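Not measured: the values here are computed from a predicted model. Worth knowing before you read on, the calculation uses all heavy atoms, side chains too, and leaves out hydrogens, waters and symmetry mates.
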Amino acid sequence: MALTYAQVVVDVPTQQTNRPYTYLIPDEIQDEVQPGVRVLVAFGHRSVLGYVLKTGVDLPADLAVDQVKDILTVLDDHPVLSQEMLDLSEELAQTNFSFQVSFLALMLPTALKASYKKRLRAQADLLPADRVAYLDGQEERLVKTKDFSAKEWRQVRQLAAAGQLSIETVIENKGRIKTELAYQVTSDQDLLGQAEETLRKSAKSQAALLSFCQEHPGETFTKRDWLAQVDVAAATLTTGVKNGWLVKRQVEQKRRPGAMASGKVEAVKVLNEDQQRAYDAVTAAITAKEKTTFLLEGITGSGKTEVYLQAAQKAIAQGEQVLFLVPEIALTPQMQKRVADRFGDATAVLHSGLSAGERYDEWRRIQSGQVKVVVGARSAVFAPLAKLGLIIVDEEHETSYSQSENPHYSARDVALWRGAYHQAPVVLGSATPSLESRARAQKGVYQLLTLTKRAAAAATLPPVEIVDMRQTVVLKGDTNFSTELLEKLKDHLARGEQAVLLLNRRGFSSFVMCRDCGYVPKDPNCNLAMTLHMDTKTLKCHYCDFQAPIPHICPSCGSKRIRYYGTGTEKVQEELSRVLPEYPVIRLDQDTTKKKGAMAQALADFGAKKAQILLGTQMVAKGLDFEDVTLVGVLNADTGLGLPDFRASEKTFELLTQVAGRAGRGDRAGEVVIQTFNPKHYALTFAQHHDYEGFYRQEMAIRHAGEFPPYYYTIQIQSSHPNENLVAVQSAKIGLWLRKKLPKDVLMLGPSPQAIAKLKGRYYFQILLKLKKPHEADALLRDLVDRSQKAEAGFQLSVKRDPVTFM
DNA sequence: AGCACGCCGACT
DNA sequence: GTCGGCGTGCTC
C-alpha cells in the first residue's frame, strides 16, 4: 500500500510557517485522520497542535521520504472544522495578510485551542536546591512557558542536558465533555413484570420506581431528573441498579446560558406594505437558493426586525438554518430576547458574556445541527452551521463588524462569502447604510429594499430642533443644557414620559490643565493628554492604561490653579442633579456597564420606569426600544466632527439618526433636540430632516472629490518599532519599494507618522493605498509582509484592508 | 515559539 | 584554547 500523506497547518503563527506542512499518516490512524480534525505533530524540536487540511495527498516533489514526520495523535473523533471553514481560512489569510492558523483558531471555541505545558520531572542526581527552585520541591511539576523567565528556562534546559531533569511537552485537550450521573431503564419488560409480582407490599418506593420504569423502558434520565420526577430517594435508585431494572451511566452534561427566552412566545406581527414587499423579495431568494445580497434600508422603527424574523421563519420551515449577526450583543439585549422568544430552544446565542464552557456547549449544539438560528456578534459569523439558508447582518454600517487587531477581518465580508458558499441570500439591514453598501445597491450589485414608514400605526419620525450652543454659552455661561432642552425636559418628565440624553464623547474627554501656563499632564508612554476619572481620583491614558494621581500643583510652573476641562457623563449627571433634582438619572457608559449584566440591569430599570432619564454615551443610541421615551436630547452633537477621519460626517449623521429614532416609537409623539456649535453642518441638517438620501448624495460628492471610499478601496500599511528613527527610515524604504512596484492606478499616501504616533512605547508610521480593484495589490503586499520578516528585530508590519480608523 | 548553529569576548 | 553569551534561521 502506498504511503499517504496529509497537509497540516501547524499552530505556529509566523510568516514562514504560514503554509501547510506535509506529514505521513501512520496506518493505524488512517481512518481517523480527516480534513478538519486536530492532530498532534512533531515540529522542529517540539510537539504542536495542527489542523488537517487535506488527506491522501502525494509527497511533494521537493521533499524526500525521510524528511517527513508522522502524525503523532489525532485529537478529535470527528472533524471540528468543516471543509467550508478550511476554505474560508485560506481565503481570509490570502486577502487579509494574516496567518491561516490564526483564522482557524478564531473559528473554534477556546476549549478546543491548544494549551501548551511542560512536565518537568526530577532525575536521580538533581540537587535539592534546584528541586526547590524549579520543581517547587516536588518530584514533578506542570509549568507554562510564562511561569519561568528566559534565564530560568535556560537553566532548566541545562539541567535537562545534564540529565538531572526531564522535560516533556504536554498539550491539554480541554475539549473534554462534562458528564453527569444518569440511570437508564432496562428494556427487559419481562424482568420488570416479574419484579412487580414478587415485590413486598410494604415496599412503596420500589413500587413507584418500578411502575415509572414500566412506562419508560429503555429511556435514560439524569439522577437529578429521577429524584425530581419519581420522588424517590437515591438509595432506591441504587436498589433498582442491584435488581437490574436500571443501569448506571454517564451522560453528557450541557450548560445552557441562563434563561434567555422569557417563556412567553412573541406573536408574529402583521407586516405593512413595505415590510411585505421586502419579505417577499427575501423569501423568494431563500426558496430559489439565490445568493442575492439585499440592502434593507429602513428608517428607525420601521420594523426591520420583524422582516428578519419572518424571513428566518421561512428559511427554517424549509429545513435550513439562519445566521443573525448583531453589532454588539451586549448592546442589544432586546434583540437577543426577541429572537429567543420567537424561536425558543432552536436558538443559540453567542456573546462575550459566556464562560468558556458555555461557549463550547453552545458551539457543540450548533455543530450537532440542533440549532436553527444563531444570534451573535462579529465572531459568530464563524458559527459551524452546515445548512445555511439565510444570513442577516443587522446595523450593517457598524464598525464593530470589523476586527482591527490581527487577524483582521470584516464579519460583513465573511457573511457575504458564506452566503455565496451556501447559495443563501444575505440581508444587510440599516437605517443609515454605510456608503459602501449603499453605493453597491445603487450600482445594482445589491438589491435595495426600503422601509419608509414606521411600523406602529400612529408613529411618525419625531421633529428635530437644532439649538445653537454658541448663543447658550453667551447667555448662560458654562453649561451642558440650553434653555430649549431644559424646558422640554421639564415638560416631558412632568407628563410622566421618559427622556434619553446622549453625550457624544468621541474624541473629546475631560482633561486637566494649568490655567497659568497651559500645562496638560500627559502620559510618558504615548505622549497623550490623560483623561480625568473622578471615581478613582486619577488621570488615565485611554490607550495604554497608564495611571497617575491628579496634580494639585502644576509640575511645570508651580501654580495651584489647576482646572478640569471637558465634559464627561459624570459631570453632566452632577449638573442634572442640580437643575432637575426631583428626577433620578440612570447613567450608561463604559464605567457603569463594566460589570457583567450591569447594562441589561440598567436597561431593565429604565424599562420599569425606575428613572425617567437615561443619560449615556453612544451606547444609548443603538437599538433601544422604549415606547414611553418621547424626548431625545443630544448634548454635544459635533464633538465627532473634528476628528481627522474622512468618515467623521458619516459617523455623526449615523449617530444622530440612530438616537433620534429612540423617540416616539410608541403611540405618543416624540421630539428631539440637538445641541451644537456647528448648526449649519450638513451632517446635522440632513439628520434633522431624517434625510438619508440627501446626506448620501452630498457625502458621495465629497468622497468623490477627495478620492475616498466608496470610490476607492483602501489598505493601510502600518510599521512600528520602539525606535522612532528606525521606523521612519524603514517605512520610507517600504514607500519607495511600493511606488516602484504598484500598478499605476493605485494611489499612495505617505509614509507619515500616525496621529497617535507613539503608543505603548512604540512609534507608528503608516502608508495608505487607494485602489480601484480591491485585490490588485494583494500579491505584492503578501510579498512585502514576507520580506518584512527579515527586517530588524522588533520591527512590525501590519497590513489592514478597509481600516476603520485611518489616522 | 524554541532550539541549534555559529560567532564573539572572558576565563581556566 | 574553551565555555557560554546571544543573534539568526528553520521547523514537513
Side-chain angles (χ1 to χ4, degrees), chain A residues 2-27 29-30 33 35 37-75 86 90 93 98-102 104-105 113-120 130 134 142-172 406-407 721-723 726 730 785-797:
Chain A
L3 296 175
T4 58
Y5 297 91
Q7 284 195 347
V8 176
V9 176
V10 292
D11 181 29
V12 183
T14 68
Q15 202 53 51
Q16 342 32 334
T17 53
N18 190 23
R19 61 193 172 83
Y21 283 79
T22 309
Y23 282 88
L24 179 67
I25 309 174
D27 270 347
I29 54 171
Q30 201 70 242
V33 179
V37 298
R38 297 171 306 145
V39 292
L40 196 61
V41 292
F43 191 69
H45 308 275
R46 70 215 160 107
S47 300
V48 294
L49 186 84
Y51 301 92
V52 176
L53 283 188
K54 246 185 189 179
T55 57
V57 297
D58 293 333
L59 188 68
D62 59 336
L63 280 179
V65 178
D66 61 353
Q67 285 179 285
V68 178
K69 294 179 181 170
D70 284 6
I71 289 177
L72 304 174
T73 323
V74 183
L75 296 173
L86 297 176
E90 192 183 341
S98 290
F99 312 128
Q100 186 174 8
V101 69
S102 306
L104 290 168
K113 278 164 216 173
S115 151
Y116 298 95
K117 286 183 181 164
K118 291 250 149 85
R119 179 176 289 126
L120 308 183
D130 288 332
Y134 306 114
L142 268 183
V143 291
K144 291 183 195 144
T145 306
K146 64 175 172 63
D147 292 345
F148 289 140
S149 66
K151 195 166 196 171
E152 285 171 316
W153 273 117
R154 215 176 349 263
Q155 277 151 355
V156 169
R157 269 182 228 116
Q158 268 165 24
L159 290 174
Q164 300 179 349
L165 197 75
S166 72
I167 307 176
E168 181 195 353
T169 308
V170 183
I171 296 185
E172 238 186 351
N406 257 322
H721 194 274
N723 181 324
L726 194 145
Q730 273 296 337
V785 172
D786 220 13
R787 284 158 187 269
S788 77
Q789 192 61 35
K790 294 171 186 77
E792 272 83 345
F795 179 81
Q796 276 175 19
L797 188 88

Verdict with reasoning, A:Y21 to A:F43, per ring-ring contact (aromatic ring centres under 6.0 Å, His included): CA-CA 9 Å; A:Y21 283 79; A:F43 191 69; 5.0 Å; yes
Nucleotide [N], atom [atom2] - distance to [atom1] of [X] in whole Å:
X: A:Q67; N: C:dC10; atom1: CD; atom2: P; result: 14 Å
X: A:N18; N: C:dT11; atom1: CG; atom2: C1'; result: 14 Å
X: A:Y5; N: C:dC12; atom1: OH; atom2: P; result: 14 Å
X: A:D66; N: C:dT11; atom1: CG; atom2: C1'; result: 15 Å
X: A:F99; N: B:dA1; atom1: CZ; atom2: C1'; result: 12 Å
X: A:L72; N: C:dC12; atom1: CG; atom2: P; result: 11 Å
X: A:D11; N: B:dA1; atom1: CG; atom2: C1'; result: 10 Å
X: A:R46; N: B:dA4; atom1: CZ; atom2: P; result: 12 Å

Output yes when a side-chain donor or acceptor of [X] lies under 3.5 Å from a complementary backbone atom of [Y], and no otherwise.
X: A:Y23; Y: A:A42; result: yes
X: A:T55; Y: A:A6; result: no
X: A:K113; Y: A:A105; result: yes

Sugar-phosphate only, base, or nothing, as touched by A:Q16 at under 4.0 Å among non-hydrogen atoms: base
Ring-base stacking, A:F43 with C:dT11 (5.5 Å, 30° cut-offs): yes
Of the listed nucleotides B:dA1, B:dA4, C:dC12, the one nearest the side chain of A:H45: B:dA4
Nearest-nucleotide pick for A:T17, side chain only, options being C:dT11, C:dC12, B:dA1: C:dT11
